[in-house]
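Below: the structure, in structure tokens.
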Amino acid sequence: MANTYSRIYIQYVFAVKRRQKLLNKLWREEVFKYIAGIISSKGQKPIIINGTEDHVHIFVGIKPSMCISDLVRDIKNNSSKFINEQGWMNQKFYWQEGYGAFSYAHSQIDSVYQYILNQEKHHRKKTFEEEYIEFLQKFQVEHNDTYLFDEKT
């Protein structure tokens, strides 16, 4: 075959270090737009980016030539640098180490989009920790709850 054709959809999920509630609603959307720019600059397709004050969901169409871990590394490094350069906080911003990456079929795009779009409503009933453990269970990812999250301060 002369060309490569693919449809790969990945949802990244990761938290602010120690799950601190630092992603202020006043500038959160600007951070999400910046993350979309990072994804686009890497030749990938941002579908939706949303989250709450302590975590983010990123849904992306990814090409097979892009390493999943390289993209999330670049997103986290560049977006934390952007947040720190803006001077929005009196402390340094960091993302928690690690992330979740979950794959979806083309037929699931709309339901994943709606889920990510409604994060604030969703988290009125469920914490990030509960949500993340549900993802791991749903996707049958082996894990140890003891080492799942950074210690809170």
Side-chain angles (χ1 to χ4, degrees), residues 1-20 22-23 25 27-85 93-150:
M1 190 178 292
N3 293 306
T4 301
Y5 300 98
S6 67
R7 293 228 183 230
I8 303 169
Y9 301 100
I10 302 293
Q11 178 184 190
Y12 292 103
V13 183
F14 52 87
V16 175
K17 189 170 182 82
R18 296 185 187 95
R19 293 169 324 285
Q20 293 177 309
L22 298 179
L23 291 172
K25 196 169 188 166
W27 45 263
R28 191 182 312 154
E29 190 64 34
E30 196 168 337
V31 172
F32 296 160
K33 288 177 185 174
Y34 190 82
I35 290 172
I38 295 167
I39 294 166
S40 295
S41 75
K42 300 291 180 184
Q44 310 309 307
K45 181 181 179 183
I47 299 170
I48 186 171
I49 301 161
N50 199 10
T52 64
E53 61 275 341
D54 67 349
H55 74 283
V56 64
H57 293 255
I58 301 169
F59 194 37
V60 60
I62 192 168
K63 295 177 182 176
S65 59
M66 173 56 72
C67 180
I68 290 170
S69 61
D70 288 350
L71 183 58
V72 74
R73 177 201 62 216
D74 292 346
I75 291 168
K76 289 168 84 173
N77 286 344
N78 290 309
S79 63
S80 60
K81 182 177 184 231
F82 172 74
I83 292 167
N84 288 320
E85 287 174 347
F93 180 89
Y94 298 97
W95 294 110
Q96 178 173 309
E97 286 190 43
Y99 60 92
F102 308 99
S103 61
Y104 292 90
H106 185 75
S107 61
Q108 296 172 295
I109 291 174
D110 188 55
S111 62
V112 175
Y113 185 95
Q114 291 302 317
Y115 178 82
I116 293 173
L117 181 66
N118 292 301
Q119 277 296 292
E120 287 198 13
K121 179 180 175 186
H122 175 73
H123 284 290
R124 288 185 201 131
K125 300 175 187 170
K126 189 178 298 183
T127 67
F128 168 67
E129 291 89 342
E130 292 167 333
E131 173 191 54
Y132 195 71
I133 290 169
E134 282 183 13
F135 271 109
L136 296 173
Q137 291 169 344
K138 175 183 172 184
F139 284 88
Q140 299 178 1
V141 176
E142 290 184 30
H143 63 282
N144 183 335
D145 290 352
T146 306
Y147 305 107
L148 212 48
F149 303 104
D150 287 339

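Throughout, numbering of the chain's residues begins at 1 and tracks the sequence.
The shortest heavy-atom contact between Tyr12 and Val72 is CE2-CB, 3.6 Å. Heavy-atom minimum distance, Ile35 versus Ser79: CG1-CB, 3.8 Å. The nearest pair of heavy atoms linking Gln96 to Arg18 is OE1-N, 4.3 Å. The nearest pair of heavy atoms linking Pro46 to Ala36 is CG-O, 3.7 Å. Residue Asn78 comes nearest to Tyr34 through the heavy atom pair O-CE2, 3.6 Å, listed as atom of the first residue, atom of the second, then distance. For the residue pair Ile58 and Ile75, the shortest heavy atom distance occurs at CD1-CG2, 3.8 Å.
Between Arg19 and Glu129, at least one side-chain nitrogen of the basic residue sits less than 4.0 Å from a carboxylate oxygen of the acidic one, meeting the salt-bridge criterion. Here Lys17 does not pair with Glu97 in a salt bridge; the nearest charged N to carboxylate O distance is not below 4.0 Å.
With contacts defined as side-chain heavy-atom distances shorter than 4.5 Å, the pair Glu131/Thr127 does not qualify. Residues Gln20 and Phe93 fail the side-chain proximity criterion, which asks for heavy atoms closer than 4.5 Å. With contacts defined as side-chain heavy-atom distances shorter than 4.5 Å, the pair Ile109/Tyr9 qualifies. Side-chain contact between Pro64 and Thr4 is present, with heavy atoms from C-beta onward closer than 4.5 Å. A heavy-atom distance below 4.5 Å is not found between the side chains of Trp27 and Glu29. Side-chain contact check for Val56 versus Trp95: some heavy-atom pair is nearer than 4.5 Å.
Using modelled atom types, one side-chain atom of Gln108 and one backbone atom of Ala105 make a donor-acceptor pair closer than 3.5 Å. In terms of modelled atom types and a separation under 3.5 Å, the side chain of Asp54 and the main chain of Val16 share no donor-acceptor contact. Remark: side-chain polar atoms of Lys63 are not paired, donor with acceptor, to backbone N or O of Gln44 under 3.5 angstrom.
Atom CZ of Arg7 has 12 or fewer heavy atoms from other residues, nucleotides or ligands within 6.0 Å.
With rounding to the nearest 0.5 Å, the separation of SG in Cys67 from CZ in Arg73 is 8.0 Å. Taken to the nearest 0.5 Å, the CG atom of Leu22 stands 11.0 Å off from the CZ atom of Arg28. Here Thr52 contributes atom OG1 and Gln119 contributes atom CD; the two are 6.5 Å apart, rounded to the nearest 0.5 Å.
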side-chain contact (heavy atoms from CB on, under 4.5 Å) between Tyr132 and Val13, intermediate numbers included: CA-CA 8 Å; Tyr132 195 71; Val13 183; 3.9 Å; yes

Candidate pair Phe135 and Ile133, rule side-chain contact (heavy atoms from CB on, under 4.5 Å), full reasoning: CA-CA 5 Å; Phe135 271 109; Ile133 290 169; over 6 Å; no

Chi angles and distances behind the salt bridge (Lys or Arg N to Asp or Glu O under 4.0 Å) call for Glu120, Lys25: CA-CA 11 Å; Glu120 287 198 13; Lys25 196 169 188 166; 2.9 Å; yes

Candidate pair Tyr94 and Asn84, rule side-chain contact (heavy atoms from CB on, under 4.5 Å), full reasoning: CA-CA 9 Å; Tyr94 298 97; Asn84 288 320; 5.8 Å; no

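Screening Ile62, Ile47, Val60 for a side-chain contact (heavy atoms from CB on, under 4.5 Å) involving Ile39 leaves a single residue, Val60.
The aromatic rings of His123 and His55 sit perpendicular, their planes meeting at an angle over 60°, well past the 30° parallel limit. A perpendicular orientation is assigned to the rings of Tyr115 and His57, their planes being inclined by more than 60° (bins at 30° and 60°). Between Phe59 and Tyr104, the two ring planes are perpendicular [angle over 60°; tilted spans 30° to 60°]. The aromatic rings of Phe139 and Phe102 sit tilted relative to each other, their planes meeting at an angle between 30° and 60°.
In this structure, Lys76 forms a cation-pi arrangement with Phe14, its terminal cationic atom sitting closer than 6.0 Å to the ring centre and no more than 45° off the ring axis.
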